[in-house]
Amino acid sequence: MNSKEKFIRYAEILRDWNSRMNLVARGTLDDIENRHFADSAQLADVLPTGVHVIDFGSGAGFPGVVLAILGWHVTCIESIGKKVSFLNELKTKLELENLTIYHGRVEDFLPGFLNKNAKKAGDFVITARAFASLVKILDYVRGINCRLFLLKGREIESEIADAKKKYRFDYELTPSKTGDGFVISVRFGL
């Protein structure tokens, strides 16, 4: 199955599951390709190649599963069991050997991942979409040298201002290609 076929199948599975549980807003189901797939895929333009992607709060698989379809090795972290079941079905049905699903909380995952894999800052990146505020995400990665690539909304300037009160970090904002939000690339602890 090529990537185009995987995205078609992904949309079918998402529509089916969304009829039984709320994975995405129903109003976005008519435009899955732009609202979810293209929005997530725009990270491919800024992500370094050859890194492991850790996706916080993967939910319906955005952006983690999209990036796995595009070729990155991805670990999706999700704490809600029903969403984990959905992600596992995507992994199986889309034949994504480069996708790992972690059922648990971000704060429980990171220490074990870093210790077990002896990862360095250049070996992995963190992604998230509609997960938490910037300051909350930085709270999770405090003490870790890392790069973050986050899909954020219009209020990113206020999130940056709040985070700057607590943390020192470098960032770059890129306007979203699919809406009125932004991609923020953050260098933290480097």
Side-chain angles (χ1 to χ4, degrees), residues 1-3 6-7 9-10 36-81 83-134 136-152 163 167 169-174 176 182-190:
M1 187 177 342
N2 65 36
S3 61
K6 288 180 183 187
F7 281 117
R9 184 71 180 117
Y10 189 171
H36 300 296
F37 295 161
D39 188 51
S40 296
Q42 69 183 313
L43 289 179
D45 294 338
V46 295
L47 283 176
T49 57
V51 296
H52 188 106
V53 174
I54 301 170
D55 187 41
F56 286 5
S58 297
F62 307 119
V65 173
V66 171
L67 294 171
I69 292 170
L70 296 175
W72 273 269
H73 284 83
V74 178
T75 298
C76 288
I77 303 172
E78 179 55 56
S79 64
I80 299 171
K83 292 179 180 179
V84 169
S85 296
F86 172 75
L87 293 169
N88 279 318
E89 180 160 330
L90 287 176
K91 176 183 169 90
T92 300
K93 298 251 172 103
L94 303 180
E95 302 169 357
L96 295 172
E97 297 299 319
N98 57 332
L99 179 65
T100 302
I101 312 299
Y102 176 81
H103 182 188
R105 300 182 61 78
V106 168
E107 59 269 29
D108 297 329
F109 171 82
L110 282 176
F113 175 80
L114 294 170
N115 289 336
K116 181 179 177 185
N117 297 294
K119 294 288 182 181
K120 297 181 181 117
D123 295 339
F124 71 94
V125 298
I126 294 167
T127 61
R129 178 179 184 243
F131 174 66
S133 68
L134 179 58
K136 185 69 173 172
I137 292 170
L138 294 177
D139 286 344
Y140 285 127
V141 298
R142 181 180 42 235
I144 300 170
N145 292 330
C146 61
R147 292 184 65 195
L148 300 97
F149 296 88
L150 312 172
L151 295 160
K152 298 300 259 171
Y167 295 109
F169 57 92
D170 295 322
Y171 70 93
E172 183 178 327
L173 276 181
T174 306
S176 173
F182 295 89
V183 174
I184 181 171
S185 303
V186 178
R187 289 181 173 274
F188 188 61
L190 297 173

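- Shown here for C76 and G64, the closest heavy-atom pair between the two residues is SG-CA, 4.0 Å.
- Residues V65 and I69 are in side-chain contact: their nearest non-hydrogen atoms beyond the backbone lie under 4.5 Å apart.
- Between F124 and I144, the closest side-chain pair of non-hydrogen atoms falls below 4.5 Å.
- Using a 4.5 Å heavy-atom cutoff, the side chains of L151 and V183 are in contact.
- One N or O on the side chain of H103 and one on the backbone of S79 form a donor-acceptor pair closer than 3.5 Å.
- The distance from the CG atom of N145 to the CZ atom of R187 is 11.0 Å, given to the nearest 0.5 Å.
- Residues C146 and I126 come closest through the heavy atom pair SG-CD1, 4.2 Å.
- Counting heavy atoms from C-beta on, the side chains of L148 and L134 never come closer than 4.5 Å.
- Here the straight-line distance linking atom CZ of F7 with atom CG of N2 works out to 10.5 Å at 0.5 Å rounding.
- When every heavy atom of I77 is checked against every heavy atom of G104, the shortest pair comes out as CG2-O, 3.5 Å.
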Would you mind writing out the side-chain donor-acceptor pairs for residues 41-49 within the sub-3.5 Å range, not counting sequence neighbours?
unit_1: Q42; atom_1: OE1; unit_2: K177; atom_2: N; d: 2.9
unit_1: Q42; atom_1: NE2; unit_2: D39; atom_2: O; d: 3.1
unit_1: Q42; atom_1: NE2; unit_2: D39; atom_2: OD1; d: 2.8
unit_1: Q42; atom_1: NE2; unit_2: S176; atom_2: OG; d: 3.2
unit_1: D45; atom_1: OD2; unit_2: K177; atom_2: NZ; d: 2.0

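- Of all heavy-atom pairs between R142 and Y167, the closest is NH1-OH, 3.0 Å.
- For E89, the salt bridge (Lys or Arg N to Asp or Glu O under 4.0 Å) partners at least two apart in sequence or on another chain are K93.
- Here K91 pairs with nothing under the salt bridge (Lys or Arg N to Asp or Glu O under 4.0 Å) rule; sequence neighbours left out.
- Using the six-membered ring where Trp is involved, Y10 and F37 have ring planes that are tilted, between 30° and 60° apart.
- We find the CG-NE2 distance between D123 and H73 to be 13.0 Å, quoted to the nearest 0.5 Å.
- With contacts defined as side-chain heavy-atom distances shorter than 4.5 Å, the pair T75/F109 qualifies.
- Summarising the geometry, atom CG belonging to L138 is positioned 8.5 Å from atom OG belonging to S133; distances are rounded to the nearest 0.5 Å.
- The side-chain tip of K136 points at the ring of Y140 from less than 6.0 angstrom away and within 45° of straight on.
- Looking at V84, T92, L90 one by one, the single match for side-chain contact (heavy atoms from CB on, under 4.5 Å) with N88 turns out to be V84.
- The aromatic rings of F169 and Y171 sit tilted relative to each other, their planes meeting at an angle between 30° and 60°.
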Task: Verdict with reasoning, V141 to F56, per side chain to side chain contact (heavy atoms under 4.5 Å, CB included) - done: CA-CA 11 Å; V141 298; F56 286 5; 3.9 Å; yes
Open item on the list: Set out, in order, the CA-CA distance, both residues' side-chain angles and the distance that settles side chain to side chain contact (heavy atoms under 4.5 Å, CB included) for F131 and D55, then state yes or no.
Closed with: CA-CA 10 Å; F131 174 66; D55 187 41; over 6 Å; no
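- Here the CG atom belonging to L150 is positioned 12.5 Å from the CZ atom belonging to R129, to the nearest 0.5 angstrom.
- To the nearest 0.5 angstrom, I137 atom CD1 is 9.5 Å from I184 atom CD1.
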- [ ] Could you check D108 against Y102 for side chain to side chain contact (heavy atoms under 4.5 Å, CB included), going step by step and ending with a plain yes or no?
- [x] CA-CA 10 Å; D108 297 329; Y102 176 81; 3.8 Å; yes
